[in-house]
Amino acid sequence: MKIAVLVKQVPGSESPLPLVSSQDWLDESQVAYIMNESDNYGLEEALQIREKNNDGEVVVVSLGPDRTQKVIREALAKGADRAIHIQTNENYPTDPLAAASLFADALKGEDFDIIFSGLQSDDLGYGQTGVILGELLGMSTATLAMATEILDNKIKVKRELEAGYFQWVTMSLPASISVQSGCNTPRYPSLKGIMGAKKKELNVVTPSVGDQNQSIKKIYAPNTAKETVMIKGSVDQVVEKLVTIFRNEIKIT
Amino acid sequence: MDILVVLEDNNGTIHRMGIESIAAAQHMADSLGLSAGAMAMGKNVDSLATEASGYSVDEVLSVNHELLNDYSSDGYAEAVKQVINKENPTYVLFGHSYQVRDYVPKISAKLMRPFLADSIAIDFDGKDVSLTKQMFNAKLFSDITPSGDAPFLISFQSASFLSDNATTGTAKKREVVINLDSSMIKTESEAPFKESSGGVDLTAAELIVSVGRGIGKEENISMAQDLAAALGAEISSSRPVVDSGWLSPSHQVGSSGQAVSPKMYLALGISGAIQHVVGMKASKNIVAINKDPEAPIFEIADYGVVGDLLEIVPKLTEAIQSK
Ligand SMILES: Cc1cc2nc3c(=O)[nH]c(=O)nc-3n(C[C@H](O)[C@H](O)[C@H](O)COP(=O)(O)OP(=O)(O)OC[C@H]3O[C@@H](n4cnc5c(N)ncnc54)[C@H](O)[C@@H]3O)c2cc1C
Ligand SMILES: Nc1ncnc2c1ncn2[C@@H]1O[C@H](COP(=O)(O)O)[C@@H](O)[C@H]1O
C-alpha cells in the first residue's frame with residue numbers, strides 16, 4: 001500500500017496575524033506556524049494502515065515556501081518514510097484548483113493507492129484540495145472520513161453527514177480521502193523519530209505556478225455587528241461583575 | 001439562464017440552504033441584470049421542482065436519472081457538469097452543506113473552473129463580482145474575485161442570505177436529459193445511521209457551561225465542571241475537546257454535534273468558529289471568556305471578558321458558591 005499524505009503548514013491558532021501593507025497576505029515574518037489540524041489526523045490514519053499491514057510506504061507531501069520543511073520534518077519524525085516538497089517560494093498559489101494541479105503534476109508518476117488530506121486548511125479553508133486532486137488523478141474520492149477500513153483493493157470509509165448522521169461508503173482504490181478531525185488519536189514524535197527524520201529522503205520539486213482562477217484581493221478584520229458588553233477590570237472585579245450580571249441581567253437563580 | 005441554483009434534497013423538501021441560495025440568486029439577478037433558474041435532481045426531483053416553481057425564478061430544471069436516486073459524489077458531479085455544459089450559466093450557486101463539500105470540488109476539477117466555497121457575502125463592481133470569505137479560523141475576512149471564463153461555482157455559508165427574503169412567484173418547469181452509466185460511479189453507499197447516543201441531551205438545558213480548546217488540558221475540565229455544578233448548569237464543549245477525548249461525543253455543540261438554545265451559554269476558551277456557532281447562536285445570553293480580544297466569539301457574545309479562564313473560572317465558582 002503506497003500512501004501519500006498532504007500536510008500543510010498554517011498559522012497556529014494563537015499566532016498573531018499581521019497583514020502586509022498591500023493587505024492581501026500576512027506578514028509571514030511574524031507568524032508562528034504549525035501543522036494543519038486535520039492533516040495531523042490524515043497522517044496518523046496513513047501510519048496506522050501501514051503498521052496494520054506491516055507493509056507499504058507513507059509519503060508526506062507539502063506545498064509552500066521553504067518554511068514548510070518544518071512540518072515536513074515533523075511528519076517524518078512521526079514516522080512517514082519520505083517526503084516531497086513542492087516548493088513555491090514566490091507565487092504561492094491561493095487558488096485550490098491551481099494548488100491541486102501542482103499536486104497532481106508532482107504525484108501522477110507515483111501511482112499512490114491512497115492520498116489522505118485534511119478536510120479543510122485552517123488558513124484558507126477552501127475544503128477542496130484533496131477532492132480536486134483525486135478527480136484530476138482519476139481516483140475515487142470521499143470527504144469527512146471518520147474511520148477507514150482496507151478491503152481487498154477497496155477502501156471502506158465512514159463519512160460524517162449532517163445532523164449527527166454517518167454513512168459507510170466503499171470505493172475502489174486508488175482513492176483520495178479527506179479526513180475529519182477526531183478520526184483517530186495522532187501520535188507524538190519519539191526522540192528516535194526526530195533523530196531519524198533528518199536522514200530521510202526529502203525530494204524538492206520547483207514547478208512553475210499556472211494562472212489562478214480565484215485570487216485574494218484584500219484581507220481585513222471583520223467588523224462586528226453585535227453590541228457586546230465588555231467586562232473589564234482585575235480578575236476579582238470581573239468575577240464580581242459577572243456574578244451581578246448572572247443575577248440581575250440574565251436572572252439566574 | 002445566467003444563474004443556476006442547484007437544490008439539495010432534504011427528505012422530499014428543498015434543503016433550507018437551497019432556499020437561501022434562491023434568495024442569493026435573486027439578489028444577484030437584480031444587481032447584475034441577469035436571469036436566474038434552479039435545478040432539482042435525485043429521487044424526490046418532482047416534489048423539489050414543484051416547490052422551487054413557487055419562487056420567482058425564470059425556470060426550474062428537473063434532472064431525472066435512476067443513478068441519481070441515491071446520492072453519490074461521482075453521479076451528482078457528473079450530472080451538474082452536464083447541465084452546466086448544456087445551459088451555459090455564468091454562475092452556479094449552492095448552499096455550503098456537507099453534501100456540497102463532498103461533490104462540488106469534483107465539478108471544479110472536471111471543468112477546470114473555480115469553486116468559490118463557503119462565501120458569506122457578494123459584492124458587485126459593475127459586472128464583476130467579489131465574494132467575501134472567512135479565513136484563518138474566522139479571525140480575518142477576505143475578498144476573493146474569480147477570473148477567466150465562466151462558469152463560476154459559488155457556495156454560500158448557512159444564513160448568509162435569509163430564506164424569508166426569497167421572493168415567491170411561478171416558474172415554468174423543464175426537463176433536462178443527461179447521460180450517466182453505472183461505470184462512472186466508483187462508490188457504493190450504505191444507509192445513513194446515527195451513533196447510539198445514550199449521552200447527555202443538551203437541547204433542553206437552561207444553563208450551559210461550554211469548554212473549548214482554551215481549557216488547555218484534560219485535568220482542567222474539572223474546573224469547568226465545578227463551575228457548572230455551582231450554577232446548576234450542564235457541561236458541553238467544542239469539537240477539539242471531544243476529539244482529544246476530554247469529554248464524550250454527546251457533549252459536542254455545533255454543526256456535527258447538538259444545537260442548543262439555553263438561557264445562558266457560557267463559552268470558556270472557545271474561538272467561535274462557524275461550525276460551533278451554528279449550534280449555539282440561538283442561546284438567549286451568550287457570555288464569552290477568551291484571552292484573545294480578536295476571537296470571533298465576541299462578535300456574537302452579549303457579554304465578553306478578555307482574560308485567562310484558568311484564573312477567572314475558579315474564582316467565579318467560589319463567588320457563586322458563597323452566595
Ligand atoms: C465540517 C466541520 C464540522 C465541524 N463541526 C464542529 C462542531 O460540531 N462543533 C465544534 O465546536 N466545532 C466543529 N468544527 C471545528 C471548528 O471549525 C473549530 O475548529 C472548532 O470549533 C474550534 O474549537 P475551539 O474554539 O475550542 O478551539 P480553537 O479555535 O483552538 O480556540 C481556542 C480558543 O481558546 C482561547 N484560549 C486559549 N487559552 C485560553 C485561556 N487560558 N483563557 C481564555 N481563553 C483561552 C484562544 O484565544 C482561542 O480563541 C467543525 C469543522 C468542520 C470543518
Ligand atoms: N499547500 C499545501 N500543502 C500541503 N497540503 C495542502 C496544501 N493546501 C491544501 N492542502 C491539503 O488539502 C487539505 C484541504 O485544504 P483546503 O482545500 O485549502 O481547505 C488540507 O487539509 C491539506 O491536507
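Residue numbering restarts at 1 for every chain, and letters A, B, ... go by the order of the sequence lines. Heavy atoms only: backbone and side chains are in, while hydrogens, waters and symmetry mates are out.
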Mind checking the CG-OG1 spacing from B/Leu116 to B/Thr132? Nearest 0.5 Å is all I need.
-> 11.0 Å
Reported CD1-to-CG distance for the pair A/Ile115 and A/Leu133, which is rounded to 0.5 angstrom = 4.0 Å
Minimum heavy-atom distance [X]-[Y], with the two atoms named:
X        : Y        : answer
B/Gln99  : B/Tyr76  : OE1-CE2, 3.9 Å
A/Gly64  : A/Tyr92  : CA-CE1, 3.7 Å
B/Lys263 : A/Ile250 : CE-O, 3.1 Å
A/Ala147 : A/Glu45  : C-OE2, 4.3 Å
B/Lys110 : B/Ala77  : CE-CB, 3.9 Å
A/Gln128 : B/Phe115 : NE2-O, 2.9 Å

For [X], which atoms come within 4.5 Å of any heavy atom of chain A: side chain, backbone, both, or neither?
X        : answer
B/Ala138 : backbone
B/Val104 : neither
B/Leu266 : side chain
B/Ile289 : side chain
B/Asp292 : neither

Of the backbone (N, CA, C, O) and the side chain (C-beta and beyond), which part of [X] lies under 4.5 Å from a heavy atom of chain B, both, or neither?
X        : result
A/Leu19  : side chain
A/Ser101 : side chain
A/Ala142 : backbone
A/Pro11  : side chain
A/Gln23  : neither
A/Ile216 : both
A/Lys232 : neither
A/Asp24  : neither

Heavy atoms only, distances under 4.5 angstrom: which of [options] has the most pairs with chain A? Name it, please.
options                                : answer
B/Pro192, B/Ser73, B/Ala117, B/Ser97   : B/Pro192
B/Phe193, B/Phe152, B/Phe298, B/Tyr103 : B/Phe193
B/Ser256, B/Ala273, B/Gly148           : B/Ser256
B/Ile312, B/Asp118, B/Val313           : B/Ile312
B/Arg239, B/Glu206, B/Lys315, B/Arg213 : B/Arg239
B/His96, B/Lys291, B/Gln134, B/Gln258  : B/Lys291

So that I can tick it off, tell me whether [Y] and [X] are bridged by a salt bridge, with the cut-off set at under 4.0 angstrom between side-chain N and carboxylate O.
X        : Y        : value
B/Arg113 : B/Asp149 : no
B/Lys81  : A/Glu135 : no
B/Glu195 : A/Lys158 : yes

Flag yes if more than 12 heavy atoms outside [X] fall under 6.0 Å of its [atom1] atom; otherwise flag no.
X        : atom1 : answer
B/Lys284 : NZ    : yes
B/Glu188 : CD    : no
A/Tyr165 : OH    : no

For the pair [X] (side chain) and [Y] (backbone), establish whether a donor and an acceptor sit closer than 3.5 Å, ignoring hydrogens and angles.
X        : Y        : result
A/Thr143 : A/Ser178 : no
B/Asp74  : B/Lys186 : yes
A/Gln167 : B/Glu190 : yes
A/Glu160 : A/Leu144 : no
A/Asn36  : A/Asp122 : yes
A/Ser15  : A/Ala32  : yes

Max heavy-atom pair count under 4.5 Å with chain B, selected residue of A/Met171, A/Gln214, A/Lys217 = A/Gln214
For chain B, which of A/Thr141, A/Val229, A/Val10 has the most heavy-atom pairs under 4.5 Å?
-> A/Val229
Anything in residues 238-248 of chain A with a heavy-atom distance to chain B below 4.5 Å? Please list those residues in order.
-> A/Val238, A/Val239, A/Leu242, A/Val243, A/Ile245, A/Phe246, A/Arg247
Quick one: which residues of residues 181-189 of chain A reach chain B at under 4.5 angstrom, heavy atoms only?
-> A/Ser181, A/Gly182
